[in-house]
Every structure is written in structure tokens, then in C-alpha cells.
There are 2 protein chains.
Amino acid sequence: MSVMPPLDFDDHKTDRPDAPDLSAPPCRNCDVVRELAFCADLTHDEIRRLATVRCHAQLPAAFSVFREGDPADHVYSISTGAVKLYKLMSDGRRQIIGFLFSGDMFGLGLDGGYCYTAETLVPTQLCRFTHRKLDTMMDEFPRLERKMFTMTVKDLVAAQEQMLLLGRKTAREKVATFLLKLSRRAAQQGQPASPVALPMSRADIADYLGLTIETVSRTFTQLKRENIIGLPDAGHVVLTDESALRELAEGTASG
Amino acid sequence: MSVMPPLDFDDHKTDRPDAPDLSAPPCRNCDVVRELAFCADLTHDEIRRLATVRCHAQLPAAFSVFREGDPADHVYSISTGAVKLYKLMSDGRRQIIGFLFSGDMFGLGLDGGYCYTAETLVPTQLCRFTHRKLDTMMDEFPRLERKMFTMTVKDLVAAQEQMLLLGRKTAREKVATFLLKLSRRAAQQGQPASPVALPMSRADIADYLGLTIETVSRTFTQLKRENIIGLPDAGHVVLTDESALRELAEGTASG
DNA sequence: CTCTTTCGTTGATCAAGATCAGTTTCCCCG
DNA sequence: CGGGGAAACTGATCTTGATCAACGAAAGAG
């Protein structure tokens with residue numbers, strides 16, 4: 001169920017953190033997502049200050065950024081790419097907590113250890129900050145704290161929405177909700193809303209929706225037969241009938 | 001499934017908000033939970049300032065504080081009592097997002113409307129603040145914002161834990177996890193950890209755990225037969241074998 | 001105190017989705 | 001281009017928890 005990534009956390013740690021070529025340009029890679037990321041709302045000077053404590057990294061796909069239980073020293077922001085967060089039970093059951101994209105932040109939590117594992121889905125550029133320095137920055141720049149607070153509230157609202165999905169929706173409703181959410185997110189990022197890309201595997205989708213791989217697969221083909229979606233290949237979905245999908249997602253569907 | 005409360009929101013609004021007898025003593029009712037509530041960490045003077053914009057209320061049981069979709073004007077903090085937060089689907093399916101107790105805060109969210117309904121479980125004393133004034137206070141007292149931020153991160157971590165429960169745990173595991181959580185929370189509030197009180201109905205528990213009333217009831221009696229818990233009455237549970245419960249909750253149990 | 005209503009428990013049956021068991025498709029790599 | 005392996009798809013069967021139905025017990029109204 002949970003395959004080890006090609007490189008482990010320690011390699012990662014020793015490989016790149018303070019590599020000189022990465023810390024040079026002040027948030028150059030972030031320009032594109034400035035509007036969304038937690039460093040939005042800051043002035044040019046504030047971003048320059050923030051850049052002095054950040055550390056940039058380019059990671060390959062299927063790479064573990066950190067694991068559940070690791071000492072929680074850093075907070076991350078995604079410049080480009082995609083990340084999944086998940087929790088594991090001792091017998092291997094897995095729940096994916098979220099799929100994250102450009103501008104998303106992760107790594108916040110209680111003291112004493114990350115409460116989920118973070119793994120890249122595709123080659124990903126990350127911005128990393130130590131908790132300690134970020135706390136200092138928040139003291140200096142109230143707008144930074146406010147923005148991070150707001151983003152955390154948004155995450156909480158999304159988590160509550162996901163509780164409704166996991167606890168009360170049927171398989172069809174779960175898949176429909178998932179596809180719409182991905183589509184909206186893609187649009188928000190300036191990507192096409194309809195042939196929506198699925199950078200994650202069927203197993204990932206299943207573990208995100210509280211289903212099995214088989215049920216996800218069956219539901220996809222079922223929706224395709226009903227001409228609600230199209231499946232040009234396993235990694236892309238065409239939202240042929242978005243209104244049907246919306247009705248399905250809310251549980252308002254007839255059939 | 002969702003019965004209307006005895007009094008509606010408008011009654012509440014017109015009945016008490018700025019009633020003189022409620023705004024007089026500066027957080028007298030909060031003294032007991034000062035350590036936990038979001039106004040912890042503040043100096044005496046800061047609390048005095050905060051008290052000038054707060055509004056206290058005593059609500060009966062089964063009272064709607066606000067409903068999903070209502071304009072989100074206020075943030076609430078529980079002085080004493082218990083509250084449930086839930087989301088509804090159009091066909092009546094319900095997901096309880098959380099059970100809240102003394103010191104807990106609710107009402108944060110996106111602009112434009114509460115994304116859940118808040119209803120008292122028992123007679124409850126609440127502290128109410130307008131978003132606007134609370135924002136002003138946060139600007140003045142960075143410690144206040146920091147505390148609210150921290151509490152929101154905690155809520156998020158709890159929500160992620162609940163996603164694992166809803167998506168991947170069995171009925172037995174769900175119930176075991178729920179009882180342990182309640183017990184720990186009771187202990188933290190200075191109440192006995194073992195004959196733990198269940199201020200909510202079986203329907204509430206079911207809608208919190210993504211189960212039906214019948215399954216919750218059957219699981220309780222099953223655990224009772226196995227001498228893992230005791231059920232003196234419907235509203236109390238004795239944690240007879242806490243370690244068995246812990247194993248069950250983590251999915252480590254043998255049987 | 002009794003009637004009524006709601007809530008909780010229990011039993012019988014059902015069905016959505018899980019599990020088990022292949023088969024097909026798509027990549028990746030030689 | 002062809003072979004190996006992983007990922008996705010599909011079919012058959014099973015199981016958990018849902019649904020349907022009934023009953024008992026506690027709580028609230030008159």
C-alpha cells in the first residue's frame with residue numbers, strides 16, 4: 001500500500017538544504033504564485049526579509065518531504081508542483097488528508113512532530129522555513145501572521161467539508177465532489193477546468209475518498225458510461241456534464 | 001433527523017445580546033476556563049479591554065446559536081456547557097463536525113456565511129464577539145491573534161485525525177476512539193475520566209462517527225458484553241478496560 | 001399519576017462497497 | 001520494437017454496516 005520513495009528524508013536533508021544556488025534569488029520561483037501563497041499581502045521589502053530565512057528546493061516526484069512523527073521543525077510552501085499529505089495506521093490503512101498545489105502551505109501542527117507524511121506527486125519546488133524563524137517573522141510582520149491564520153482557517157473549512165464527504169456521501173457522490181474540487185482548483189490556478197489532470201494514482205484517490213481502488217475505478221467507468229465524464233487516459237478527466245456532476249456531488253441527483 | 005430547536009435565532013438575537021446584566025462583570029464566568037480559552041495568554045488589562053466588546057449569553061439546551069449559511073458576524077467562546085457543530089445535506093444527511101466544550105471557540109470561517117450550524121447540547125454560557133471588533137483587538141494584542149491561530153491549528157489537526165477515523169476505521173474502532181477522546185477531554189477539564197458523561201444523543205454520536213444510531217447502539221452493547229465498557233445509563237460510560245479501548249482505537253486489537 | 005412521545009435497544013434482512021481473483025493497458029527500459 | 005512490471009480495469013463473491021421493523025424504557029405534559 002505505501003511504497004517507499006526513491007530517496008529518504010535523510011538524503012534529502014543532507015543533499016540540498018543550504019545549497020548556495022538555491023538561496024540566491026529572492027523568491028524568483030514564487031512570483032507566479034505570489035497572489036496565493038502565504039507570502040502574499042507582504043510588501044516588497046518584507047518579502048526580501050522573508051527570503052533571507054527561506055530555503056528553496058527542487059524535489060523529484062514520489063519524494064518524502066517529511067514523515068508522520070518526524071520532529072516538526074519546518075513549514076513549507078509549494079512554488080510549483082503537487083504534494084499529498086497522509087496518515088497511516090499501524091496495519092497499513094492510509095488516509096490522505098489533502099492534495100496540495102502551488103501556493104499551498106503545509107507543516108503546521110502541534111509541537112513534537114508532524115502529524116502526517118508529506119510526499120510529492122510530481123517534481124516539485126518547495127520553499128522551506130524553520131518554525132523558529134517564521135515565528136520571528138510573524139512577530140515583525142503582522143500581515144504575515146494574518147495571512148497564515150486565514151489560510152489555516154481555509155484549510156479547516158476544507159477539512160470540515162471533507163468530513164461530510166467521508167462520513168455521509170456515497171461513492172458516486174465522493175468521486176463527483178472530488179472531480180469538481182480538482183477542476184475548480186485547476187481553474188483557479190489558471191489551468192483548463194475541463195480536461196482536468198489527475199497527478200495522483202487511483203490508490204491515492206481511493207485513500208483520499210475513503211474508498212478502495214476498485215470502487216474508484218468502477219465509479220469512473222460508470223460515470224463515463226453515463227456520459228457525465230470522459231476518460232481520454234487514466235491521468236485526465238473531461239467534465240462532459242458538469243451540472244450532472246454538481247447535482248451528484250450535493251446528493252441532489254435523480255438517478 | 002434534524003429537529004428544530006425550541007427557540008430560533010431571531011429570538012435569541014432580540015432577546016439578550018446587549019442585555020445590561022450580562023455585560024457587566026469582566027469575564028467573571030470565564031475565570032474557570034481562562035487557561036484554555038482563546039483569551040488565555042492575555043494580561044489583566046488586555047482582558048479588561050476585550051471584555052468591553054464581548055457579549056455574554058446563557059442559552060438553554062438544544063438551542064441554535066447560528067445556522068449554516070447565516071451571515072458570519074460573530075465568533076463565540078464557550079464559558080460553560082457544550083455545543084455541537086454540524087453540516088446538513090439537502091436530503092437531511094448530517095455530519096457532526098465537532099463537539100465543543102468549555103474554552104472552545106467557534107464561528108471562524110470564510111466571509112459570507114457560517115459553514116456549519118452550531119447548537120447547544122446542554123444549557124450553555126457563551127461569550128460572543130463581532131468579527132470586526134475581534135479583528136481590531138487582534139491588531140492591538142498580537143498574543144490574542146497568536147492564541148487564536150494556535151487554537152485553529154489544533155482544530156485542524158483534530159479534523160485531520162477525524163478524517164482518518166471517518167475514512168478508514170471500523171465501527172468498533174470509531175466508537176473506541178470517540179470514547180477515549182471524550183474521556184481525555186473530560187480529564188483535561190478536571191472532570192472524572194472514567195464514568196464519562198455523554199451529553200449528546202445516540203443520533204449525534206452516529207452523525208459524528210459516520211454511522212447509524214443502530215450501529216452505535218449495537219457497538220456499545222457489544223463492548224459492554226466484552227467487559228470493555230460499562231453502561232450505567234444511556235448518558236454515561238465507564239471505561240472498564242481502557243487499554244483494550246486504546247488498542248481498538250488504533251486498530252491494534254486482536255479480536 | 002397516567003398518557004404520550006421520544007430515545008435507545010434489539011432482531012431480521014438488505015445492499016453498498018470491500019475483497020478476491022483475474023485480465024488488460026500502459027509505460028518504462030533494454 | 002518487444003518484453004517486463006506496475007497500474008488500471010473488470011467480474012464474482014463476501015461482509016460490514018445500513019435499513020426496516022418492533023419493542024422497552026425513560027422523560028415530559030397534562
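Basis for what follows: all heavy atoms, side chains included, without hydrogens, waters or symmetry-related copies. Every chain is numbered from 1, with letters handed out A, B, ... down the list of sequences.
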Is there a donor-acceptor contact under 3.5 Å from the side chain of B:Gln162 to the main chain of A:Met163? no
Please state how far atom NZ in B:Lys224 lies from atom C1' in C:dT9, giving the value in whole angstrom units.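 Atom NZ in B:Lys224 sits about 11 Å away from atom C1' in C:dT9.
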Atom CG of A:Asp91 to atom P of C:dT19: distance rounded to whole Å?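 Interatomic distance, CG of A:Asp91 to P of C:dT19: 11 Å.
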Here the ring-ring contact (aromatic ring centres under 6.0 Å, His included) pairs for residues 170-197 of chain B, sequence neighbours left out, are B:Phe178-B:Tyr208
Interatomic distance where CZ belongs to B:Arg225 and C1' belongs to C:dT10 [whole Å]: 10 Å
Quick one: side-chain contact (heavy atoms from CB on, under 4.5 Å) partners of B:Glu250, sequence neighbours excluded? B:Thr252
Take the protein atom CG of A:Asp207 and the nucleotide atom P of D:dA8, then report the distance between them rounded to whole Å.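 After rounding, the gap between these two atoms is 12 Å.
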Between the protein and nucleotides 20-27 of chain C, are there any N/O to N/O pairs under 3.5 Å, and if so, what are the atom names and distances?
unit_1, atom_1, unit_2, atom_2, d
C:dC20, N4, A:Glu214, OE2, 3.1

Take the C1' atoms of the five end pairs on each side of the helix from C:dC1-D:dG30 to C:dG30-D:dC1, get both axes, and report the angle to 10 degrees.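 The end axes of the helix from C:dC1-D:dG30 to C:dG30-D:dC1 are about 50° apart, to the nearest 10°.
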If the condition is side-chain contact (heavy atoms from CB on, under 4.5 Å), which residues does A:Gln191 pass it with, not counting sequence neighbours?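 With sequence neighbours excluded, A:Gln191 shows a side-chain contact (heavy atoms from CB on, under 4.5 Å) to A:Ala186, A:Gln189, given in chain and number order.
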Would you list the pairs meeting salt bridge (Lys or Arg N to Asp or Glu O under 4.0 Å) in which at least one residue belongs to residues 195-206 of chain B, sequence neighbours left out? B:Lys84-B:Asp204, B:Arg94-B:Asp204
Report, one pair per line, the protein and nucleotides 14-17 of chain C atoms (nitrogen or oxygen only) whose separation is under 3.5 Å.
unit_1, atom_1, unit_2, atom_2, d
C:dG17, OP1, A:Ala171, N, 2.8

Contact summary for B:Ala206 and B:Val216, nearest pair of heavy atoms: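 Scanning both residues, the minimum pair turns out to be CA-CG2, 3.7 Å.
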Distance check needed: D:dT19 C1' versus B:Arg93 CZ, whole Å only. 14 Å
Specify the separation, in whole Å, of atom CG of B:Leu231 and atom P of D:dA26. 13 Å
Classify the ring geometry of A:Tyr76 against A:Phe66: parallel below 30°, tilted from 30° to 60°, perpendicular beyond 60°.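 A:Tyr76 and A:Phe66: tilted rings.
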May I ask you to say what A:Ser217 touches in the nucleic acid, namely base, sugar-phosphate or nothing, with a heavy-atom cut-off under 4.0 Å? base
Summary of ring-ring contact (aromatic ring centres under 6.0 Å, His included) pairs that have at least one residue in residues 216-246 of chain B, sequence neighbours excluded: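 Listed by first then second residue: nothing to list.
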Using only atom types and a distance under 3.5 Å, with no angle test, would you say the side chain of A:Arg168 pairs donor to acceptor with the backbone of B:Arg93?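 No, A:Arg168 side chain to B:Arg93 backbone: no donor-acceptor pair under 3.5 Å.
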side-chain contact (heavy atoms from CB on, under 4.5 Å) evaluation trace for A:Glu119 with A:Phe63: CA-CA 5 Å; A:Glu119 206 173 302; A:Phe63 184 88; 5.8 Å; no
Between the protein and nucleotides 27-30 of chain D, which nitrogen or oxygen pairs come in under 3.5 angstrom?
none

Which residues pass the side-chain contact (heavy atoms from CB on, under 4.5 Å) test with A:Glu214, not counting sequence neighbours?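 Partners of A:Glu214 under the side-chain contact (heavy atoms from CB on, under 4.5 Å) test: A:Thr212, A:Arg218.
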Under 4.0 angstrom, heavy atoms only, what part of the nucleic acid is A:Thr221 near: base, sugar-phosphate, or nothing?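 The answer is sugar-phosphate, as A:Thr221 gets under 4.0 Å only of primed atoms, P, OP1 or OP2.
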Spacing of B:Gln222 atom CD relative to D:dG17 atom C1', expressed in whole Å: 12 Å
Only counting residues at least two apart or in another chain, list the ones meeting side-chain contact (heavy atoms from CB on, under 4.5 Å) with B:Ala176. B:Leu245, B:Leu248, B:Ala249
Pairing residues for A:Glu226 by the salt bridge (Lys or Arg N to Asp or Glu O under 4.0 Å) criterion, not counting sequence neighbours: A:Arg172
Would you mind checking if B:Glu161 and A:Lys87 are paired as a salt bridge, meaning a charged N to carboxylate O distance below 4.0 Å? yes
Between P of C:dC7 and CD1 of B:Ile213, the distance in whole Å: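 Taking CD1 of B:Ile213 and P of C:dC7, I get 9 Å after rounding.
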